[in-house]
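When a residue number appears, it is its place in the shown sequence, counting from 1.
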Amino acid sequence: MVVAAEHIRTLNKYEKSILLALERGMKRYSWVPLEHLKTTTKLSESEINYRLSRLIAWGMVRFNPVPYDGYTLVFGGYDTLALATLTQKGTISALGTLIGEGKESVVYEALGLGPVAIKFHRVGGRSFSSARLNREYMEEGHCPWLLASRRSAEREFQALKALHPKVSVPLPIAQNRHTVVMSFINGAILNRCRLDSPAEVLDEILENVRTTYKAGIIHSDLSEYNIMVEDGKCILIDWPQWVETSHPNADAIVGRDIDNILAFFKRKYKLRRDREVALQCVIT
């Protein structure tokens, strides 16, 4: 749940300075010591304690008394910093309703120059252990979930910038911390659609995968859940797990993407395509 808008609007400059100090401190500490916050913000202990109590009540900060009085940002605080920055820059002016949710992200409608989508990356919880093992951007040792989420957002934005408009992907607008702002897609996920011409749609998807591969990128998590259909056009979404075509397991990874798509069309539309022919069309 993204933090309440009124809390962002009423955020005091001292409270923002504490959030920023926590963000910097978390690169070094799992729980940022109170003494570190006092030194960094130059606020009195009574002022810090008062502001921290408000931030904790708003769901932006968490406290841990063992083995010392320490504090850490939670996603509510990170959301606040990202939204405050994007608002200050004029990228967004209002946050709308939740339009999508997965195990590693939530997506909201927002207002910029027009309707946009803002994706909050949420690497953590049940996905964090597998992310450590499977994501190239994860580092050994201390890596808080918020910083991992930031790297995830950076990677997705990097892919969108590299691929748009050659590949049918959302238009990348901005990235801040763990958020990516992109064009709003007024469509439905592929698995929820009933296609009139499934063969044409499959060809379109494979052509996009081919163009992506030529750009040196493999989606790495492609399925009917990561493709949207808007006005009959397919749009490939969810790019944080992409790998380069130079990856040592590139052949297996792109093959898995193609297998997922072919299996979906075979299962739902009884449409059969030769797997090796489809693979060769993508990689050659």
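Taken together through direct or relayed side-chain contacts under 4.5 Å among Ile, Leu, Val, Met, Phe, Trp and Tyr, Tyr225 and Val123 form parts of separate hydrophobic clusters. Under the 4.5 Å side-chain heavy-atom criterion for ILVMFWY residues, a single connected hydrophobic cluster contains both Leu147 and Val32. Cluster annotation: Leu19 is not connected to Val74 through the hydrophobic network of ILVMFWY side chains, with a link wherever side-chain heavy atoms come within less than 4.5 Å. Val243 and Ile237 fall into different hydrophobic clusters, where Ile, Leu, Val, Met, Phe, Trp and Tyr side chains are chained together by heavy-atom contacts under 4.5 Å. No continuous path of ILVMFWY side-chain contacts below 4.5 Å connects Ile99 to Val169, so the two sit in separate hydrophobic clusters.
Remark: His219 engages Trp239 in a ring-ring contact (aromatic ring centres under 6.0 Å, His included) (not counting sequence neighbours). Glu35 pairs by the salt bridge (Lys or Arg N to Asp or Glu O under 4.0 Å) definition with Lys38, not counting sequence neighbours. Take Lys268 and apply the side-chain contact (heavy atoms from CB on, under 4.5 Å) test, not counting sequence neighbours, and it matches Arg194, Phe264. Among residues two or more places apart in sequence or in another chain, the side-chain contact (heavy atoms from CB on, under 4.5 Å) test is passed with Glu101 by Leu98, Val106. Listed by chain and residue number, Ile217 satisfy the side-chain contact (heavy atoms from CB on, under 4.5 Å) test with Ala162 (two or more places apart in sequence, or in another chain). Phe265 is linked by a ring-ring contact (aromatic ring centres under 6.0 Å, His included) to Tyr269, counting only residues two or more places apart in sequence or in another chain.
Between Ala174 and Thr91, the closest heavy-atom pair is CB-CG2, 3.8 Å. In plain terms, the two heavy atoms of Ala110 and Ile92 that are nearest each other are CB-CG2, 4.3 Å. Residues Ile227 and Ile261 share a closest heavy-atom pair of CD1-CD1, 3.6 Å. When all heavy atoms of Ala21 and Thr41 are compared, the closest pair comes out as CB-CG2, 3.9 Å. Between Pro172 and Phe157, the shortest heavy-atom contact is CB-CE1, 3.5 Å. Here the shortest heavy-atom pairing between Pro240 and Lys119 reads CD-NZ, 4.3 Å.
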Practice item. Evaluate the criterion side-chain contact (heavy atoms from CB on, under 4.5 Å) for residue pair Asn176 and Val181; output intermediate values, then yes/no. Key: CA-CA 8 Å; Asn176 186 268; Val181 182; over 6 Å; no
**Study point:** Stepwise side-chain contact (heavy atoms from CB on, under 4.5 Å) test for Leu83 and Ile118
**Key:** CA-CA 10 Å; Leu83 289 169; Ile118 178 168; 3.9 Å; yes
Point to revise | Test log, rule side-chain contact (heavy atoms from CB on, under 4.5 Å), inputs Thr72 and Leu146 | key: CA-CA 10 Å; Thr72 187; Leu146 301 188; 5.8 Å; no
Check your understanding: How far apart are the C-alpha atoms of Ile205 and Leu190, what are their side-chain angles, what is the distance that settles it, and do they pass the side-chain contact (heavy atoms from CB on, under 4.5 Å) test?
Key -> CA-CA 11 Å; Ile205 293 170; Leu190 179 61; 4.0 Å; yes
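When atom types are taken as modelled, the side chain of Asp257 and the backbone of Leu222 share a donor-acceptor pair closer than 3.5 angstrom. A donor-acceptor pair under 3.5 Å is formed between the side chain of Asn208 and the backbone N or O of Ser168. Here the side chain of Ser152 pairs no donor or acceptor atom with the backbone of Ala148 at under 3.5 angstrom. Listed for the Tyr68 side chain is a donor-acceptor partner under 3.5 Å among the backbone atoms of Trp31.
Tested against His121 for a side chain to side chain donor-acceptor pair (under 3.5 Å), the candidates His178, Arg151, Arg155, Glu156 yield a single pass: Glu156.
Judged as a salt bridge (Lys or Arg N to Asp or Glu O under 4.0 Å), the pairs with a partner in residues 166-178 (not counting sequence neighbours) are, in order, Glu23-Arg177. Legend: ring-ring contact (aromatic ring centres under 6.0 Å, His included) pairs involving residues 42-67, not counting sequence neighbours, sorted by first then second residue: His7-Trp58, Phe63-Tyr71. Among residues at least two apart or in separate chains, side-chain hydrogen bond (donor to acceptor under 3.5 Å, both in side chains) pairs with a member in residues 272-284 are Asp203-Arg273, Asp259-Arg275. For residues 219-235, the salt bridge (Lys or Arg N to Asp or Glu O under 4.0 Å) pairs, not counting sequence neighbours, are Glu224-Arg267. Under the salt bridge (Lys or Arg N to Asp or Glu O under 4.0 Å) criterion, the residue pairs touching residues 6-18 are Glu15-Arg51, Glu15-Arg54, with sequence neighbours excluded. The salt bridge (Lys or Arg N to Asp or Glu O under 4.0 Å) analysis of residues 58-67, with sequence neighbours excluded, yields no pairs.
With a 4.5 Å cut-off on side-chain heavy atoms, Thr245 and Ile283 do not count as touching. With contacts defined as side-chain heavy-atom distances shorter than 4.5 Å, the pair Cys281/Val277 qualifies. Side chains of Thr212 and Ile218 form no contact here, defined as non-hydrogen atoms less than 4.5 Å apart. Two residues are said to be in side-chain contact when any heavy atoms from C-beta on lie closer than 4.5 Å; Arg256 and Ser220 meet this criterion. Side-chain atoms of Leu55 and Leu11, non-hydrogen and from C-beta on, do get closer than 4.5 Å to each other. Proximity of Leu81 to Leu73: side-chain heavy atoms (C-beta onward) are separated by under 4.5 Å at one or more points.
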